[in-house]
There are 2 protein chains.
Amino acid sequence: MKKGMRGKILSAAAALARDIGPGNLSLDAVASRAGVSKGGLLYHFPSKSKLLQALVEQHLSEFDAALNEKEKAHGGGSNSLVAAYLDLFVAEQALPPPTGVLAALAENPELLVPVSRFKRRLLDRLKANAKDENRALAVFLALEGMRSLRLFETDILTPAEREAVLGFLAMLTADPG
Amino acid sequence: MKKGMRGKILSAAAALARDIGPGNLSLDAVASRAGVSKGGLLYHFPSKSKLLQALVEQHLSEFDAALNEKEKAHGGGSNSLVAAYLDLFVAEQALPPPTGVLAALAENPELLVPVSRFKRRLLDRLKANAKDENRALAVFLALEGMRSLRLFETDILTPAEREAVLGFLAMLTADPG
DNA sequence: GTTACTGTACCGTCCGGACGGTATTGTCAA
DNA sequence: TTGACAATACCGTCCGGACGGTACAGTAAC
């Protein structure tokens with residue numbers, strides 16, 4: 001897992017967004033945090049917009065890779081993707097929330113178009129893989145809700161609640177009642 | 001329903017955030033959009049932070065008022081709050097998303113603390129009012145998910161899906177199976 | 001000699017916020 | 001009913017600083 005300057009800049013930007021608020025990200029601050037000069041930063045990302053775009057894309061591709069891996073572990077049969085999605089959500093909790101995405105949103109909401117496309121594709125896959133489309137949809141939305149709570153730094157759930165709802169959702173996908 | 005300058009400024013700010021991105025809100029732009037001088041704006045809101053705070057508070061109090069009204073319409077019995085919450089969500093769809101909240105988040109995530117408190121209280125009320133705590137929690141989260149999709153301008157659901165999931169959630173709260 | 005930077009020096013713009021001033025309205029005692 | 005005062009609701013201007021972005025000269029490794 002070698003980390004080039006590009007990756008260092010990206011994670012510095014994400015960490016900075018977390019620290020100073022998603023809308024207050026500046027190129028100077030990112031450069032200094034990444035241990036690179038502003039010239040060097042602009043060498044890799046010719047504009048702030050491009051940097052934020054890369055932040056979004058990186059998040060999406062990491063998410064996608066992790067999901068595919070988890071799905072393989074679940075065998076690929078019916079409901080395996082929903083189960084993998086639940087797994088991934090749990091694993092996510094240990095990671096910092098993707099504040100870079102928020103920074104992109106703050107700057108220009110259109111930067112989230114790839115996110116939108118990604119989620120639509122994911123939802124289609126979930127529905128295709130699930131036994132019950134409505135339940136898959138409900139699970140998708142509930143996880144989306146928990147994710148957004150975390151992303152907004154307004155996570156209000158107790159660990160017990162989180163566990164309970166996860167259990168309930170797992171039951172929803174598995175149980176044919 | 002008279003609208004003072006204060007209210008005009010608040011809605012101008014929200015509309016602007018929608019147009020130019022939540023992180024690009026400037027006092028000058030808000031003032032000009034609201035048809036007030038910058039001095040006048042600063043008279044009502046002594047700082048940008050205060051303006052954003054007011055935006056958040058206004059959203060919360062409007063939401064709370066609407067919810068209480070809907071609950072009264074549902075009689076106040078068991079599950080009436082969950083039903084009211086579902087109703088309110090449907091009504092919300094006709095309104096523009098609360099972009100002002102995003103603007104606040106972009107500037108300073110701590111401005112969302114009241115949102116956090118509000119949601120926690122709401123969830124407690126929902127759980128207390130519902131027959132099944134887990135189901136109430138799932139409904140709360142699913143709606144939270146749909147709301148966040150809309151807020152991010154990444155709403156990917158078809159009207160049919162929205163309808164289906166709302167029906168499913170209504171069934172979840174009512175049916176004791 | 002190309003790639004991957006560093007460092008510095010700028011430019012034009014915009015922003016938040018402070019400030020001094022002003023018109024209008026209300027209050028209340030003399 | 002008038003004069004004194006105060007609160008409300010603004011206006012217009014100014015400033016220090018930060019920001020995004022450009023330009024360019026240099027350097028060190030491969």
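All values reported here derive from a predicted model rather than from experimental measurement. All chains are named by letter (A, B, ...) in the order of the sequence lines, taking the proteins before the strands, and each is independently numbered beginning at 1.
Taking the side chain of A:Leu42 as heavy atoms from C-beta on, and the options C:dT6, D:dT22, D:dC10, the nearest nucleotide is D:dT22. Here the nucleotide nearest the side chain of A:Ser37, chosen from C:dT6, D:dG12, D:dT8, is C:dT6.
Below the 3.5 angstrom threshold, one finds a donor paired with an acceptor across the side chain of B:Lys38 and the base of C:dG16.
Residue B:Glu69 places its CD atom among 12 or fewer non-hydrogen atoms of other residues, nucleotides or ligands, all under 6.0 Å distant. For B:Glu110, the CD atom sits in a loose shell: 12 or fewer heavy atoms of surrounding residues, nucleotides or ligands are nearer than 6.0 Å.
Between B:Leu52 atom CG and C:dG16 atom C1' the separation is 12 Å, expressed in whole Å. Note: CG (A:Leu41) to P (D:dC19) measures 13 Å, nearest angstrom. Residue B:Met5 contributes atom CE, which lies 13 Å from atom C1' of D:dC11 at whole-angstrom precision. As rounded to whole Å, 15 Å separates atom P of D:dT22 from atom NZ of A:Lys48. Atom P of nucleotide D:dC10 and atom CZ of B:Phe45 are separated by 11 Å, given to the nearest angstrom.
At a non-hydrogen distance threshold of 4.0 Å, B:Leu25, B:Ser26, B:Leu27 from residues 20-36 of chain B come into contact with DNA chain C.
No side-chain heavy atom of A:Met5 sits under 4.5 Å from any side-chain heavy atom of A:Tyr43.
No single ILVMFWY cluster, assembled from side-chain heavy atoms under 4.5 Å apart, contains both B:Val113 and B:Phe63.
An OP1 or OP2 oxygen of C:dC5 is reached within less than 4.0 angstrom by no side-chain nitrogen or oxygen of A:Tyr43. The side chain of B:His44 places no N or O atom within less than 4.0 Å of a non-bridging phosphate oxygen (OP1 or OP2) of D:dA9.
Counting only N and O atoms by type, the side chains of B:Asp87 and B:His74 include a donor and acceptor under 3.5 Å apart.
Contact detail for B:Leu41 and B:Leu27: the closest heavy-atom pair is CD2-O, 3.3 Å.
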